[in-house]
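Below is one structure, written out as structure tokens; the observations come after it.
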Amino acid sequence: MLIPHDTRIALDAVVDLVNTAPESEPPADDMEDGLTEGLPDVAALYAFAGRHHISGVGTLGEKDLTAVRGVRASFAEVFATPDARTAADLVNRLVAAAGTTPQLTDHDGYDWHVHYFAPDASLADHLAADCGMALAFIIVAGEQERLRRCEAPDCGHAFVDLSRNRSRRYCSSRTCGNRLHVAAYRARRKEASG
């Protein structure tokens, strides 16, 4: 699947955003409920925007934090839905509410790409428009099933399966995938020796 650079960047941002939700966090042994908020405050919101090189952020406040968390919840619904029609309806609502204004731009050393958010849009509208359109391209390509959650029983992180044959099952082959493969190997060895 050929994905333009700006769409890939937006997909990375939406996955990271969805994975900041407490319900995406794997349980920790030292925590009572295992749920932590990945965007606990405005400083974390600035850090998120910086990590993803989101342009034109401006001054952020509690209102922005609440709005971004709302967008995050909507994106989580897109990853949870089993069918393209429902995913399309969710994305359509997000993008329409953001007041999209597609425009070509080549800022900050990047080649020409499309921004879907209106000039001076809030961070929540920026994310809803750009990330929503990235998800729209996945759905239009008939690839909605690539929007997945990690199959590791103690994880559940969102990811976009960009493997050639749509076979990726874990958010990370290094952590979740490797851990489960090692556990299965040990179980087979124990069964064979016992």
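One is the number of the first residue; the rest follow in order along the sequence.
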Apply ring pair (Phe, Tyr, Trp, His ring centres under 6.0 Å) to His115 and list each qualifying residue two or more places apart in sequence or on a separate chain.
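By the ring pair (Phe, Tyr, Trp, His ring centres under 6.0 Å) rule, His115 matches His107, His113, Phe117.
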Going by the rule salt bridge (charged side-chain N to carboxylate O under 4.0 Å, His left out), which residues pair with Arg166 if we only count those two or more places apart in sequence or in a different chain?
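By the salt bridge (charged side-chain N to carboxylate O under 4.0 Å, His left out) rule, Arg166 matches Glu143, Glu145.
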Which value, rounded to the nearest 0.5 Å, describes the distance between [X] atom [atom1] and [Y] atom [atom2]?
X     : Y      : atom1 : atom2 : value
Phe48 : Leu60  : CZ    : CG    : 11.5 Å
Tyr46 : Arg51  : OH    : CZ    : 15.0 Å
Asn19 : Cys155 : CG    : SG    : 7.5 Å

[X] to [Y] - nearest heavy-atom pair and separation:
X      : Y      : result
Ala10  : Cys131 : O-SG, 3.5 Å
Phe159 : Cys171 : CD2-CA, 3.7 Å
Val14  : Leu11  : CG1-O, 3.1 Å
His126 : Ile54  : CE1-CG2, 3.4 Å
Cys150 : Tyr170 : SG-CA, 3.6 Å
Asp161 : Arg148 : OD2-NH1, 2.7 Å

Please set out all donor-acceptor pairs under 3.5 angstrom arising from side-chain atoms of residues 63-73, sequence neighbours excluded.
| unit_1 | atom_1 | unit_2 | atom_2 | d |
| --- | --- | --- | --- | --- |
| Asp64 | OD2 | Gly61 | N | 2.8 |
| Thr66 | OG1 | Glu62 | O | 3.1 |
| Arg69 | NE | Leu39 | O | 3.2 |
| Arg69 | NH2 | Leu39 | O | 2.5 |
| Arg69 | NH2 | Pro40 | O | 3.4 |
| Arg72 | NH1 | Thr20 | O | 3.3 |
| Arg72 | NH1 | Thr20 | OG1 | 3.0 |
| Arg72 | NH1 | Glu37 | OE2 | 2.6 |
| Arg72 | NH2 | Glu37 | OE1 | 3.1 |
| Arg72 | NH2 | Glu37 | OE2 | 3.3 |

Criterion side chain to side chain contact (heavy atoms under 4.5 Å, CB included) on Asp111 and Asp106, from CA distance to verdict:
CA-CA 5 Å; Asp111 283 335; Asp106 66 342; over 6 Å; no
Heavy-atom side-chain proximity of [X] to [Y] below 4.5 angstrom:
X      : Y      : value
Asp6   : Asp130 : no
Cys176 : Arg169 : no
Ile9   : His53  : no

Are Arg93 and Asp89 close enough for a salt bridge, meaning some N to O gap below 4.0 Å?
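Asp89 and Arg93: not salt-bridged.
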Apply side chain to side chain contact (heavy atoms under 4.5 Å, CB included) to Asp16 and Asp12, showing your working.
CA-CA 6 Å; Asp16 189 25; Asp12 289 345; over 6 Å; no
With hydrophobic residues grouped by side-chain heavy-atom distances under 4.5 Å, do Val140 and Leu94 end up in a single group?
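No, no single cluster joins them.
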Between Tyr116 and Asp125, does a side chain to side chain contact (heavy atoms under 4.5 Å, CB included) hold up when you go through it step by step?
CA-CA 10 Å; Tyr116 293 95; Asp125 285 347; over 6 Å; no
Verdict with supporting geometry, Met133 and Val95, side chain to side chain contact (heavy atoms under 4.5 Å, CB included):
CA-CA 7 Å; Met133 288 305 299; Val95 171; 3.9 Å; yes
